[in-house]
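Shown next, in structure tokens, is the structure this report addresses.
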Amino acid sequence: MPNPRTADALAAIGSFMKAQQEAGYANGTVRLRGTLLNEFLEHVLNEEKTSSLTAEELVAPKRTDSWLDAADAGETRRRNTLTGPDAAAAHDSQRARIQTYNAFVDHLSLSGLHRPYPASGHSDRLEPEQADKLLRTLAVRRPTGANAATAIRTAAVAALVAATGHSVPQLHHLNVTDVDLEHRPVPIVTVAEFDHLLDKHTVEILRRWLDVRAGITKALEGSDPGYLWIPTKPGRERAGVQPPKPGLTRAAVRTLHAAHRNLVIQTVGVPLRPYALLPRR
């Protein structure tokens, strides 16, 4: 069996992504890690004006420092961001790079090269104007190939995170009856027995999601269970057992998080988690 350390770095990245898939990592996670490692390789090849490196040469500390420093300064960015093309890298982006690097050196049996993880705090929370811009972008921009129903559900979840200050797990158990868009003088959503006022834009997004949701649940036999967040398409058959129809079960928290991550990455190029929309305290 070839030694992955001495293999061409690009081939080693391909082998790593295949191993990640076989280990059961989510497709979005595997794609993101592949993108970041290819960014790493491209940066080093361009900086050193060379055409190839082995995997072990690529992950050398000096080359890793160079990549992380360049990424932190926004020099490896390929798309614009909410704060402009020259903005420093987001905290979570750098954390994702280090997580990816550590997983890759584990694959190469070079765990001694591990980098410490940055703290997963709330330093990436957006300013109100930035959060509003992100929500509006998610509500109107659907990347090619993205599921329209999933996109508007993701925008609705994000809008409620921003409007209520609650996290996705805290909003997970909401029912349709917890949302009152006809309440006067201001529409509300009730979370943990507390009413939160909803602004006009959030109401518009929620109306769109409720319309889409109604179209999905129309196919159900019997009464609608009333869950606010439901799967937008059938799951996979497992061991010959057909999955329940969308609407009969709640969408899992991990499903809502994965949909948010995938849509945000495709839309603005930054892996911002839903907590970035929580109000700053």
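These figures come from a predicted structure and were not determined experimentally.
Heavy atoms of other residues, nucleotides or ligands lying less than 6.0 angstrom from CZ of Arg254 number 12 at most.
The list of side-chain hydrogen bond (donor to acceptor under 3.5 Å, both in side chains) pairs with a residue in residues 206-216, not counting sequence neighbours, reads Glu182-Arg207, Arg213-Asp224. Residue pairs satisfying the side-chain hydrogen bond (donor to acceptor under 3.5 Å, both in side chains) criterion with at least one member in residues 149-163, sequence neighbours excluded, are listed as follows: Asn147-Thr150, Thr150-Thr232. Residue pairs meeting the salt bridge (Lys or Arg N to Asp or Glu O under 4.0 Å) criterion with at least one member in residues 47-64, sequence neighbours excluded: Glu48-Arg63.
Qualifying side chain to side chain donor-acceptor pair (under 3.5 Å) partners for Trp229, counting only residues two or more places apart in sequence or in other chains: none. Every residue two or more places apart in sequence or in another chain that forms a side chain to side chain donor-acceptor pair (under 3.5 Å) with Asp65 is listed here: Arg115.
Side chain of Thr64 to main chain of Val59: a donor-acceptor pair is present (N/O by atom type, distance under 3.5 Å, no hydrogens or angles).
When hydrophobic clusters are built by joining Ile, Leu, Val, Met, Phe, Trp and Tyr residues whose side-chain heavy atoms come closer than 4.5 Å, directly or via intermediates, Leu210 is not grouped with Val186. Transitive grouping of hydrophobic side chains (ILVMFWY, heavy atoms separated by less than 4.5 Å) keeps Ile188 and Leu160 in distinct clusters. Cluster membership for Val157 and Leu197, using ILVMFWY side-chain heavy atoms within less than 4.5 angstrom, is not shared.
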Pair up each side-chain donor or acceptor in residues 12-22 with any protein partner under 3.5 Å, not counting sequence neighbours, and list the distances.
| from | atom 1 | to | atom 2 | distance (Å) |
| --- | --- | --- | --- | --- |
| Gln20 | OE1 | Arg33 | NH1 | 2.6 |

- prompt: side chain to side chain contact (heavy atoms under 4.5 Å, CB included) between Leu45 and Thr50: does it pass, once the steps are laid out?
  reply: CA-CA 5 Å; Leu45 293 179; Thr50 187; 3.6 Å; yes
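Summarising the geometry, atom CG belonging to Leu228 is positioned 12.5 Å from atom NE2 belonging to His173; distances are rounded to the nearest 0.5 Å.
Side-chain polar atoms of Asp178 and Thr190 form no donor-acceptor pair below 3.5 angstrom.
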